[in-house]
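Keep in mind the model is a prediction, meaning the values are calculated, not measured.
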Number of protein chains: 2
Amino acid sequence: MNSSFPPKRATLRDVARNAGVSVATVSRVLNGSTLVTEDTRTRVTQAIELLGFVPSAAARTLNSGRSRTVGALVPTLDHSIFARYLDSLENRLSERGYALVVAVTGGQPEVEERKAMGLIDMGVDGLIVSGKTHTQGFDALVDRFHVPTLITSYYDPDARYPTVGYDNGAIAMKAIEFLKALGHRHVFVAHGPVDTNDRIVARVEAIRRHTRDMEAEFLSVSMNVAGGADAVRQMAGATVKPSALLCLSDVQALGALFELQRLEIPVPDQISLMGFDDLEWSAVSQPGITSIHLPAEAMGDAAGDAIVDWIKSGQPAQPVSLEAAIKQRASTRSVISQR
Amino acid sequence: MNSSFPPKRATLRDVARNAGVSVATVSRVLNGSTLVTEDTRTRVTQAIELLGFVPSAAARTLNSGRSRTVGALVPTLDHSIFARYLDSLENRLSERGYALVVAVTGGQPEVEERKAMGLIDMGVDGLIVSGKTHTQGFDALVDRFHVPTLITSYYDPDARYPTVGYDNGAIAMKAIEFLKALGHRHVFVAHGPVDTNDRIVARVEAIRRHTRDMEAEFLSVSMNVAGGADAVRQMAGATVKPSALLCLSDVQALGALFELQRLEIPVPDQISLMGFDDLEWSAVSQPGITSIHLPAEAMGDAAGDAIVDWIKSGQPAQPVSLEAAIKQRASTRSVISQR
DNA sequence: TCTTGCATTGTAACCGGTTACAATTGGGTA
DNA sequence: TACCCAATTGTAACCGGTTACAATGCAAGA
């Protein structure tokens with residue numbers, strides 16, 4: 001029994017035939033043209049309903065040159081800051097009729113280049129990357145294919161591509177000034193690897209510039225819980241102990257907190273602890289960790305709007321600067337002697 | 001000056017002209033057909049290099065009917081378990097030449113249906129959803145368009161779609177049996193909302209079945225840190241205190257741990273605490289939290305393979321059952337009196 | 001009654017690959 | 001020399017929408 005299988009997807013021509021009109025008319029109904037009688041519009045609409053017709057995105061893409069798709073390249077998904085950012089980016093894109101294609105780079109520029117190629121291959125209308133470190137090959141790709149490209153997690157009006165994010169140097173300064181204001185004059189700064197992560201480089205450099213009048217030691221440790229614990233152990237082994245530990249990521253700060261608890265070093269009595277990112281955990285840990293809240297959600301929204309506007313208008317996006325706020329919690333205390 | 005702008009993307013016909021061959025020959029070179037002389041192949045390859053030609057995905061999609069794109073519908077990205085899963089799913093898909101389109105549903109079936117429609121609209125070759133609760137509209141869509149569709153985070157060979165995941169009932173049983181073996185006879189079970197999350201429902205029901213010979217109380221609290229704290233407060237207010245608290249998610253378990261610390265209730269001396277998911281934090285908190293490790297990475301890999309195989313072969317995927325393992329840590333202790 | 005003109009609708013080319021089928025070429029054989 | 005076959009390469013139709021342009025219908029104006 002060669003039944004009705006396979007039930008091929010209805011095409012625009014099927015609809016036209018069923019409604020007794022031409023393909024152009026169906027297309028006009030689909031695109032809401034006013035040049036159609038109410039009567040024919042109804043007939044066409046009914047035929048569409050009847051046949052369960054859905055236009056082929058590929059065909060539309062082929063002659064509009066638009067795929068209604070945006071590619072986002074992120075170092076990892078398993079980090080709350082990126083997850084929150086992508087969550088709101090997807091939401092905003094979806095609202096505006098765009099789909100989000102995600103590619104994970106592991107923070108490796110070569111992987112980023114390869115995956116960017118893949119995204120361009122599949123026809124994304126725009127690209128959103130994290131940070132401003134990219135291979136020459138990446139730049140060449142963007143140039144060659146004229147893909148609207150945005151940088152996030154970074155604000156720098158002079159960057160090669162429009163940036164939507166925060167000024168990493170400025171927020172790092174904010175953090176160190178906060179500790180200074182509490183009277184801290186000797187801090188340890190734990191940060192992740194500086195070889196590929198430009199956000200960290202910017203933060204470290206800003207902190208270096210603003211710690212000329214105090215003692216600061218920098219510890220390069222891995223960007224995870226173990227890294228924070230590592231930093232604490234190095235600090236504990238130091239001859240002169242600092243009064244504060246600043247971690248450039250909350251993952252490290254929490255790792256540090258747990259290690260401090262293990263070593264029974266009281267926070268903030270013996271040492272103040274401060275982080276970056278404002279993870280959910282930082283607000284509820286014992287004690288809560290003072291942290292810099294990064295506007296991940298706002299960044300997703302802003303980046304989504306910026307890229308879609310750019311795609312639709314053809315006008316490159318303007319850089320967007322977002323503010324970060326200090327969330328003061330119990331892990332930091334003033335060391336200015338009361339009188 | 002009407003210079004060389006816009007530098008339109010080279011098409012296959014441009015390459016053909018440049019190499020002095022026909023479009024069919026170029027297409028053959030692109031697809032690695034053997035029916036081409038080494039000589040012409042070289043000429044074509046050079047022309048491709050020269051013009052920086054990249055085939056249009058839309059055109060290829062149009063007549064192959066394949067977009068080389070898979071859509072994943074997840075409740076949220078801001079939860080380590082989904083992030084880890086998507087991370088490895090993206091990796092596997094990428095290895096096999098497919099791109100991942102992500103859509104976030106917020107756990108709402110209606111949103112899932114709407115976004116699934118969007119994904120089908122844009123032409124994904126396959127769909128991967130979380131859990132088996134879906135609207136009728138969703139099922140209708142899948143039926144109508146014959147999209148290969150997979151369920152993850154769930155294992156049930158009798159489900160409407162092939163499942164790739166773990167048996168939520170079985171792992172919940174494993175957890176409760178673990179507590180039983182430690183001598184616990186009175187436990188509180190904190191779980192998230194049961195209205196839309198079928199994974200939780202399956203776990204709760206399994207636990208109900210396996211706690212007939214002991215006392216168990218169920219607390220429905222929100223699926224976040226605050227929910228865990230909530231559970232602890234409810235427990236603290238109970239007339240008869242349990243010897244163990246089982247949270248069906250580590251987010252809740254950590255929230256509970258912090259609240260217990262705040263209330264100065266020692267873990268595990270006064271109460272044993274157990275979680276689900278095995279978040280990074282559960283391994284390093286003070287004390288470490290005994291948890292069920294869910295195979296998120298393996299699930300991503302398996303789902304990626306399953307959907308791509310299905311797309312390529314046309315043969316529906318076979319259900320895949322993945323094992324979860326108990327990670328025993330310091331938050332649980334035996335309450336069997338020593339003798 | 002015959003234009004003129006606007007409102008609708010239809011025809012066919014086009015987007016950029018893929019592929020069935022036709023055409024050309026060269027070597028080997030009768 | 002004539003003929004056959006296999007190896008290469010070319011031609012053109014096709015995938016499913018969009019849209020420029022043509023065509024048709026109908027009412028108002030001359």
Side-chain angles (χ1 to χ4, degrees), chain A residues 6-45 47-48 51-69 97 120-125 145-146, chain B residues 6-45 47-48 51-69 97 120-125 145-146:
Chain A
K8 302 274 297 176
R9 235 169 104 149
T11 75
L12 181 137
R13 282 164 233 271
D14 296 331
V15 175
R17 198 173 316 122
N18 188 288
V21 297
S22 73
V23 290
T25 303
V26 178
S27 181
R28 283 192 267 265
V29 171
L30 285 176
N31 298 303
S33 163
T34 54
L35 302 168
V36 188
T37 318
E38 200 48 47
D39 178 53
T40 44
R41 182 184 303 279
T42 310
R43 290 217 315 288
V44 171
T45 310
I48 289 175
L51 301 175
F53 168 77
V54 171
S56 145
R60 181 173 287 153
T61 296
L62 186 54
N63 52 12
S64 71
R66 296 266 141 86
S67 65
R68 298 184 85 73
T69 273
I120 289 174
D121 250 45
M122 70 148 285
V124 296
D125 291 340
F145 297 104
H146 303 91
Chain B
K8 302 273 298 175
R9 234 170 105 151
T11 74
L12 181 139
R13 283 164 232 271
D14 296 331
V15 174
R17 197 174 316 121
N18 187 288
V21 298
S22 72
V23 290
T25 303
V26 178
S27 181
R28 288 190 189 96
V29 171
L30 285 177
N31 298 302
S33 162
T34 54
L35 302 168
V36 188
T37 318
E38 200 48 48
D39 179 51
T40 43
R41 182 184 302 278
T42 310
R43 288 217 315 289
V44 171
T45 310
I48 289 176
L51 301 175
F53 168 77
V54 171
S56 144
R60 180 173 289 150
T61 297
L62 187 54
N63 52 13
S64 71
R66 296 266 141 86
S67 65
R68 299 184 84 73
T69 273
I120 290 174
D121 251 44
M122 70 148 284
V124 295
D125 291 341
F145 298 104
H146 304 91

Specify the residue among B:Arg28 and B:Ala58 whose closest nucleotide of DNA chain C lies further upstream toward the 5′ end.
-> B:Ala58
For DNA chain D, what residues of residues 12-19 of chain B have any heavy atom nearer than 4.0 Å?
-> none
Candidate pair B:Val54 and A:Ile120, rule side chain to side chain contact (heavy atoms under 4.5 Å, CB included), full reasoning | CA-CA 9 Å; B:Val54 171; A:Ile120 289 174; 5.5 Å; no
Going by atom types alone, do B:Thr45 and B:Thr42 pair a side-chain donor with an acceptor below 3.5 Å?
-> no
Looking only at heavy atoms, which two atoms of A:Thr40 and A:Val36 are closest? And how far apart?
-> OG1-CG1, 3.1 Å
Exercise: identify the closest heavy-atom pair between A:Arg43 and A:Val21 | NH2-CG1, 3.5 Å
Side-chain donor or acceptor of B:Thr11 paired with backbone N/O of B:Arg13 under 3.5 Å | yes
Would you kindly give the CG-to-C1' distance between B:Asn31 and D:dT9, to the nearest whole Å?
-> 16 Å
For A:Val23 and A:Arg41, take the nucleotide of DNA chain C holding the closest heavy atom to each; which residue's nucleotide lies nearer the 5' end?
-> A:Arg41
Dump every N/O contact between nucleotides 6-8 of chain D and the protein below 3.5 Å, one line per pair.
{"residue": "D:dT8", "atom": "O3'", "partner": "B:Thr37", "partner atom": "OG1", "Å": "3.0"}

So how far is it from A:Asp125 CG to A:Thr61 OG1, rounded to the nearest 0.5 Å?
-> 7.5 Å
Going through the checks in order, is the side chain to side chain contact (heavy atoms under 4.5 Å, CB included) test met by A:Asp121 and B:Arg68?
-> CA-CA 11 Å; A:Asp121 250 45; B:Arg68 299 184 84 73; over 6 Å; no
Counting any heavy atom closer than 4.0 Å, what does A:Ser27 reach on the DNA or RNA strands: base, sugar-phosphate only, or nothing?
-> base
Output the distance between atom CG (B:Asn31) and atom CZ (B:Arg60), rounded to the nearest 0.5 Å.
-> 6.0 Å
Nucleotides bounding contact with chain A, strand DNA chain C, heavy-atom threshold 4.0 Å = C:dT8 to C:dG16
Which value, rounded to the nearest 0.5 Å, describes the distance between A:Ser22 atom OG and A:Arg17 atom CZ?
-> 13.0 Å
Heavy-atom side-chain proximity of A:Leu30 to A:Ile48 below 4.5 angstrom = yes
